[in-house]
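Counting starts at 1 for both ligands and their atoms, in listed order.
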Amino acid sequence: MSREALVAQAARTLEWARKGSAPLEPAEMRIPVERYTDPQRFALEKDRIFKRLPLVLAFSAELAETHSYRAMEVMGVPILLTRGDDGRVRSFVNMCSHRGSAVVEDGRGRARRFTCPYHAWVYDISGDLVGIFQKERFGDIDPSCHGLTPLPVAERAGLIFGCVVPGMELDLDAFLGGYGSMLEEHDLQSCHFVGRVTLDGSNWKLAYDGYLDFYHLPILHKRTFGGDYNNLICGDSWGPHQRHMQPDGRILALGDIPSSDWPIDALLAGVWTVFPHVSIASFRLAAGRVYQIAQLFPGDTPDSSTTVLNYLAAYDPDPEQMEEIEKQIDFLRNVVEAEDYATVAGIQRSLRSGAKSELVFGRNEGQNQRFHAWVDQLVEATTPADTYRLLAGAEEFHHA
Ligand code: FES
Ligand SMILES: [Fe+2]
């Protein structure tokens with residue numbers, strides 16, 4: 001079914017490529033600059049978007065084996081993800097029930113048990129407290145009430161989604177809608193985790209805007225990769241999630257072959273986003289497809305964010321292939337840092353000047369328009385139930 005949907009999307013984009021054009025929005029959209037700078041607005045975005053929606057926390061490929069784990073901080077919350085004996089991924093607050101220490105340092109590894117470094121309480125891979133150091137001298141503690149605090153988590157399409165607030169509702173079907181089966185076409189769960197780079201950035205939306213527009217590719221990126229690209233965009237959306245591709249020469253080439261033979265690499269091209277903070281793009285190296293999956297997280301202030309660039313290969317690279325991948329990771333890190341994020345840092349500085357009251361998104365920047373419209377709606381949702389009502393009412397949008 002989803003291959004059909006991918007073919008249909010490519011076919012519509014091919015039509016635009018033949019015309020040398022792309023769809024346009026009815027009008028421009030203006031965004032007040034305070035939306036990128038105001039601390040109150042920023043706090044609402046964190047509370048009602050990042051602390052409410054499922055976030056992409058990690059990848060099935062990096063927790064592929066039983067007893068693998070990853071510990072990291074997300075939105076200020078120390079999180080421990082594990083894959084248990086039963087193959088299930090679990091998520092916990094990485095916080096000991098005794099006096100609150102992290103039970104394992106941030107990083108990845110394999111373990112059956114976690115021994116708290118402070119006073120050696122022991123937890124198993126399922127988060128149960130299985131050992132209290134010198135229990136007889138400690139007191140009357142029921143271990144079954146002192147496991148690690150679970151967090152909502154769900155695995156889908158090779159992505160590990162989780163909430164950072166205990167007890168928050170996590171309904172992936174409602175959140176992803178029809179986009180879930182589209183994402184599955186990437187087969188990310190069969191990929192190999194091959195690298196990760198972390199970058200500091202400016203306001204999360206300023207940074208994210210750059211993943212949503214192709215308008216800048218042949219301009220800002222002309223010296224690195226953008227010279228061969230046009231700046232046209234054909235985008236579809238499933239609720240707040242979007243996928244966009246370029247009506248360019250690469251898609252025109254599909255016109256020469258029957259659609260049943262269109263290669264999967266071409267069908268998966270372009271940029272796939274998972275609202276509110278992930279962008280998935282792939283490129284082809286000699287041995288096959290490699291993904292760059294960017295996760296963006298707001299920082300402590302409106303003008304700070306962290307971007308984690310993750311790399312997954314559709315093949316198990318040998319040392320020579322790994323060298324090629326690492327060269328490409330260096331290249332892409334440099335593009336994002338020296339071109340995109342350097343520009344965005346300049347924008348952030350200029351926003352403080354008071355020179356402009358608004359930024360404007362053109363009719364050719366529909367992806368950005370839809371993204372901001374969703375952010376605006378979701379910060380108005382008072383309760384999680386309101387949020388899910390908005391998601392339930394969301395429609396798919398397919399460009400003509
Ligand atoms: S804080 Fe973990 S054992 Fe004391
Ligand atoms: Fe860019």
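Relative to the ring axis of Y311, R196 does not place its NZ or CZ within 45° and under 6.0 Å from the centre.
R52 and T387 share a donor-acceptor pair across their side chains, judged by distance under 3.5 Å alone. In this model, a donor atom of one side chain and an acceptor atom of the other lie less than 3.5 Å apart for E339 and H221.
Summary of contacts: the protein heavy atom closest to atom 1 (S) of ligand 1 is R99 N, 3.4 Å.
The Fe ion (ligand 2) sits nearest to atom NE2 when only the N, O or S atoms of H221 are considered. Within D340, the N, O or S atom lying nearest to the Fe ion (ligand 2) carries the name OD1. Of all N/O/S atoms in H98, ND1 sits nearest atom 4 (Fe) of ligand 1.
Ring orientation note: the planes of H98 and W121 are close to parallel, at an angle under 30° on the 30°/60° scale.
E65 pairs with exactly one of R70, R83, R110 by the salt bridge (Lys or Arg N to Asp or Glu O under 4.0 Å) rule, that one being R110. Between W262 and the options L6, L267, I251, a side-chain contact (heavy atoms from CB on, under 4.5 Å) holds for only L267.
The backbone and the side chain of S101 each have at least one atom closer than 4.0 Å to an atom of ligand 1 (non-hydrogen atoms only).
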Legend entry - Worked verdict on H241 versus W272 for ring pair (Phe, Tyr, Trp, His ring centres under 6.0 Å): CA-CA 8 Å; H241 315 294; W272 298 64; over 10 Å; no

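Our summary of the site lists the angle at atom 2 (Fe) of ligand 1 between SG of C116 and SG of C96 as 110°, to the nearest 10 degrees.
Set against the non-hydrogen atoms of W121, the atoms of ligand 1 under 4.0 Å away are 3 (S). Distances below 4.0 Å separate heavy atoms of H119 from the following atoms of ligand 1: 1 (S), 3 (S), 4 (Fe). Atoms of ligand 1 lying under 4.0 Å from at least one heavy atom of Y118, given by number and element, are 1 (S), 4 (Fe).
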